[in-house]
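Each chain gets a letter, A, B and so on, in the order its sequence line appears, and its residues count up from 1.
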There are 2 protein chains.
Amino acid sequence: MSERKKRKPGETREKLMSAALTLVGKGRHFASLGIREVTRQAGVVPTSFYRHFRNMDDLGLQLVDELGLVLRRMMREARANVLQADKLIEESVGIFISHAQANRSFFLFMAQGLAGESRAIQDGIRSEMRYFASELANDLQRLKLVDHLCDGDLEMTCDLVVRSVAFSLTDLMGVSAEDEYQVEQIRKRTCRFLQLIFVGAAHWDNKHL
Amino acid sequence: MSERKKRKPGETREKLMSAALTLVGKGRHFASLGIREVTRQAGVVPTSFYRHFRNMDDLGLQLVDELGLVLRRMMREARANVLQADKLIEESVGIFISHAQANRSFFLFMAQGLAGESRAIQDGIRSEMRYFASELANDLQRLKLVDHLCDGDLEMTCDLVVRSVAFSLTDLMGVSAEDEYQVEQIRKRTCRFLQLIFVGAAHWDNKHL
DNA sequence: ACAAGTTGTGTACGACTGTACACATAGCTG
DNA sequence: CAGCTATGTGTACAGTCGTACACAACTTGT
């Protein structure tokens, strides 16, 4: 038998996951990826796949878990860098966009998964977004910026914020990362969206009925 | 050779398109559909496909065109039914949801296409959304509801509205059409999103800088 | 009515797919 | 050291894929 490469434990597993991400990054849709294709990209024999995943959906689910880590890292950085409240939106959107560029394939995978073909992956991503929104609500409450809102309305506002940012993600994934002009347009537009939402939140109570 | 069924002109073409939609409606992702699969669902021999489409992307593009018609029909109905401005949001969201249920597969296809693997389809759907937003801006201007906004800000507001509704579409596609409780939740939540946005728009000018 | 064009059918083929199985190697535990 | 388990390899096979080609049947224009 041909020689066996030395490997660290779990190396192939990672190679397979990042191979799938690479293919997604090249413009493929996750739902259209096949086992052989992924193993080929990973430089591994097809049957190795089954040592780590039951099928492609399983791999997708584990990618969602890793996506959670990426998002948490991003949140941590945002919390550390957003000190004064006046530039809160600009800073946060900037950090979001730079993370989205740095982990382009991951965020591409996330954007795809929202309307993907595996219900489990959909739910996973949706759950990450819900967590994100609730953390955002926590932060806003801590900063006392919107303390006139009841819990439900604060949650709704954060939900809308997260959705708007997620939709901007789709825009961002549609342009080349080097096209700085387009990226800047998306950044500005996203900021304006969030400003509009927060203006709405600031004047919300009288409309609450 | 076996007998040839009588057919109307363009019948197979329609059968192929609705076969693709049917498969999407069954939970498949458009990007993962194959020619053979679609022709099988349409009850047609594989090679017939090429009489009408160059490849699956081509079929997708033609679906986007049909999607445009569906959206325009929806807009027309909304304009006809929304007479008094006070229930504008509730009426519009209601009409949107009932159309989304009635053409579930179409809207599923739309939600998928936003982050799909064909750039052309992405652009097509994005362009439909832009058209939708600009028509909405027209209507709002005609109703004189937001005449304190400059053109750019009105356009941005409408864009955000359309995006929020489109995102709600993803929610809606995630629940069974018969689950009336969930659908009602989505309806209410979407209305609140739009109310929040319009409250923001009503108080926007002072923040405009 | 006949020629031309259009649309659907049947057959064919090479490439690719998922996955089963037996086997080899590495690392861990005793 | 022996043996066990986890992990990677190679081979194999039946099913599916996209698509090329020749042919049939219907539609249309003249």
Any donor-acceptor pair under 3.5 Å linking the side chain of Gln122(B) with the backbone of Gly116(B)? yes
Counting side-chain heavy atoms from CB outward, which of dT9(D), dT17(C), dG18(D) is closest to Ile35(B)? dG18(D)
What integer distance in Å separates Arg51(B):CZ from dA22(D):P? 13 Å
Could you give the CD-to-C1' distance, from Glu37(B) to dT17(C), as a whole number of Å? 13 Å
Atom NE2 of His52(B) to atom C1' of dT9(C): distance rounded to whole Å? 13 Å
Any ion pair linking Arg187(B) and Glu184(B) (charged N to carboxylate O, less than 4.0 Å)? yes
When rounded to whole Å, the CZ to P distance for the pair Arg54(A) and dT19(C) reads 11 Å
Rounded to whole Å, the CD-C1' distance (Glu14(B) to dG8(C)) equals 16 Å
Regarding dG8(C), can its base be found pairing with the side chain of Thr47(B) as donor and acceptor, where the two atoms are less than 3.5 Å apart? no
How many whole angstroms separate atom CZ of Arg36(A) from atom P of dC17(D)? 16 Å
Six-ring centre of Tyr131(A), Arg72(A) cation under 6.0 angstrom, axis tolerance 45°: yes
Find the distance Tyr50(A):OH to dG10(D):P and express it as a whole number of Å. 17 Å
Donor-acceptor pair (no angle test) under 3.5 Å: Arg40(B) side chain, dT16(D) base: no
Rounded to whole Å, how long is the line connecting atom CG of Asn55(B) with atom P of dA20(D)? 12 Å
Below 30° counts as parallel, above 60° as perpendicular, anything between as tilted: where do the rings of Phe30(B) and Phe109(B) land? perpendicular
Regarding Phe49(B), tell me which of base, sugar-phosphate or nothing describes its non-hydrogen contacts under 4.0 Å with the strands shown. nothing
